[in-house]
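See below for the structure under consideration.
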Amino acid sequence: MSLRIVSSCVNCWACQPVCPSDAILQAPKHFVINDRKSTECEGSYDVPQCASICPIEGAITNAAGEAMNPPGSLTGIPPEMVAAAQAEIRAR
Amino acid sequence: MELTVLDSTDTQASGCSSSGCGSTDDQLAHLPDEIRDKVYNHPCYSEQAHHYFARMHVAVAPACNIQCHYCNRKYDCSNESRPGVVSELLTPDQAVKKTLAVAANIPQMTVLGIAGPGDPLANPERTFATFRMLSEQAPDIKLCVSTNGLALPESVDELAKHNIDHVTITINAVDPDVGAKIYPWIFWENKRIKGREAAAILIEQQQKGLQMLTERGILVKVNSVMIPGVNDEHLKEVSRIVKSKGAFLHNVMPLISEAEHGTFFGLMGQRGPEPEELQNLQDACAGDMNMMRHCRQCRADAVGLLGEDRGEEFTLDKIEAMEIDYEAAMVRRAEVHRSIEAELNQHAQAKPAAPTDIDPDARPVLMAIASQGGGVINQHFGHAHEFLIYEASPAGVRFISHRKTDNYCEGGDTCGDGESVLSRTIGTLSGCEAVLCSKIGYEPWDMLEAAGIKPNGEHAMERIEDAVAAVYREMWEAGALSAVDEQLVVA
């Protein structure tokens, strides 16, 4: 089992056009990765393209089932610091 | 002294530049005629044209290559009207069919835009396939595109090839430190890049793209989202820079950040600007730059005149059933466009307002107008989804903005919570001293008066500028403008 798109995917389409192996498909609930086609971008790019453009933390997992974009990695705010950031932004 | 309509044109008619351009003559005065020819019937670029000409967006470009803190990528919604939201994604073939159907049924439709929900230039195949087919099949439709600018430099040649003469770039910052607070990351050269570095690349690409477009004579409008405490002061510099690089219009829009929209800013409690803050910034930018003030921040699949949405009439299943003879439609469209141009011509030549002898020190007054379009006061107060805000001053009458409202009067039995909606409506008119409409009921009349806003139904079907000038003159004659009211200055 390699990269997977999980149910938190919001169907934003970002990953589909950047996949070099045409491995991403629209499916009834959310986009999915075709295991047989996916190369995880090995030989093409340093990093899997789908995970590098996905805007939703946790929506793509690796072979171990871990989030490729863990919580806080895309918003730039670690989860334990969300409250402090929220207070700062509210004060604007 | 003469009370004139600011930004209006009294010039002799000679082609479009002095007819259809109407109120934008001033905005566009620095442009060569050939460029003015391109915008006189563009509803998004001309304050005057937007009352008469319609536009549509086709949602063929879902993917995006950057993240903005004011955007939620979950765009599938039918009830919201804001950028990036659509109810149906189209293939290029479907988009072309829909465009032909709309252009045949709404002959005043002059412009087809691609504005997402993602970034059109991050979806180049879908975007350019649509443009290619349309420029062949519907040569009488203007094509335009809206982009975040990241992929713009590499797309300029292709844009020029398809004869796209209007591009909108969203530029929220020219300083990477400010940009980093708006854009958490970009996807660039096959990698995700974060923070200041990401913002710096995006800004560089936007500025480069802007320059390349203007060098080719392609018209550029710049959109900026005003985010209080983040880029509000900075946008004055943005305005100055993009103007110096040849952008012909700057559109400063308010941040939309309701928590229920699920954007980062919405969830984190970032507020949007008050109408007065937006207006002050637009005025500050106007010193150096032509400003656009009638933007409705429409959906990425909006259809019809600005401020209305007829998208429901042209869903996929409905257009499937339509038979379109586009050759015949083009003949009819040309006739309709000619008659609108004639009307605009007449409008431009009409004397804007009566002369007065108002003291040049008299204070300016904001008024709210209920109008369904056409530049006249023609809507019942309770039916208005939005009010047009005008300012009258000794220097003349000018359009300031529009303010959206939930209309409270549906008629019949649906007036259940009318009162609370009415209070909200009156709240959105804060700062205005009069509201001009075709008719108004007793209840809202009393509530408006209690809120210090004078209701006025005496100018129904009159031209907005004339009526605003007349009401302002009455206020002057009644002695209501002589002394500057400290409270109002503060507000």
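Throughout, a chain's letter reflects where its sequence line sits, starting with A, and its residues are numbered from 1. Scope of the values below: all heavy atoms of this structure, side chains included, with no hydrogens, waters or symmetry mates.
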Here the pair of heavy atoms bringing B/Ala63 nearest to A/Pro17 is CB-CG, 3.8 Å
Q.
Does B/Asp317 have more than 12 heavy atoms from other residues, nucleotides or ligands lying within 6.0 Å of its CG?
A. yes
CD1 of A/Ile77 to CZ of B/Phe264, rounded to nearest 0.5 Å, is 3.5 Å
What one should report as the nearest heavy-atom pair of B/His69 and A/Thr75 is CE1-O, 4.1 Å
Honestly, the part of B/Ile227 sitting under 4.5 Å from a heavy atom of chain A is neither
When the 4.5 angstrom heavy-atom criterion is applied to B/Gln67 and chain A, the contacting part is side chain
Side-chain heavy atoms of B/Asn123 within contact of A/Trp13, under 4.5 Å: no
Does B/Glu125 CD have over 12 foreign heavy atoms under 6.0 Å away? no
Against chain A, residues from residues 187-197 of chain B with at least one heavy atom under 4.5 Å, in numeric order, are B/Phe187, B/Asn190, B/Lys191, B/Arg192, B/Lys194
Assert top hit (heavy-atom pairs under 4.5 Å, partner chain B, pool A/Ser73, A/Gly76, A/Pro20) equals A/Ser73
Residues of residues 79-92 of chain A with a heavy atom under 4.5 Å from any heavy atom of chain B, in residue-number order, are A/Val82, A/Ala85, A/Gln86, A/Ile89, A/Arg90, A/Arg92
Residues at least two apart in sequence or cross-chain that pass salt bridge (Lys or Arg N to Asp or Glu O under 4.0 Å) with B/Glu154, listed by chain then number, are none
Answer yes or no: are there more than 12 heavy-atom neighbours, outside B/Lys97 itself, under 6.0 Å from its atom NZ?
yes
Checking heavy-atom separations under 4.5 Å from chain B, one finds in residues 52-59 of chain A A/Ser52, A/Ile53, A/Cys54, A/Pro55
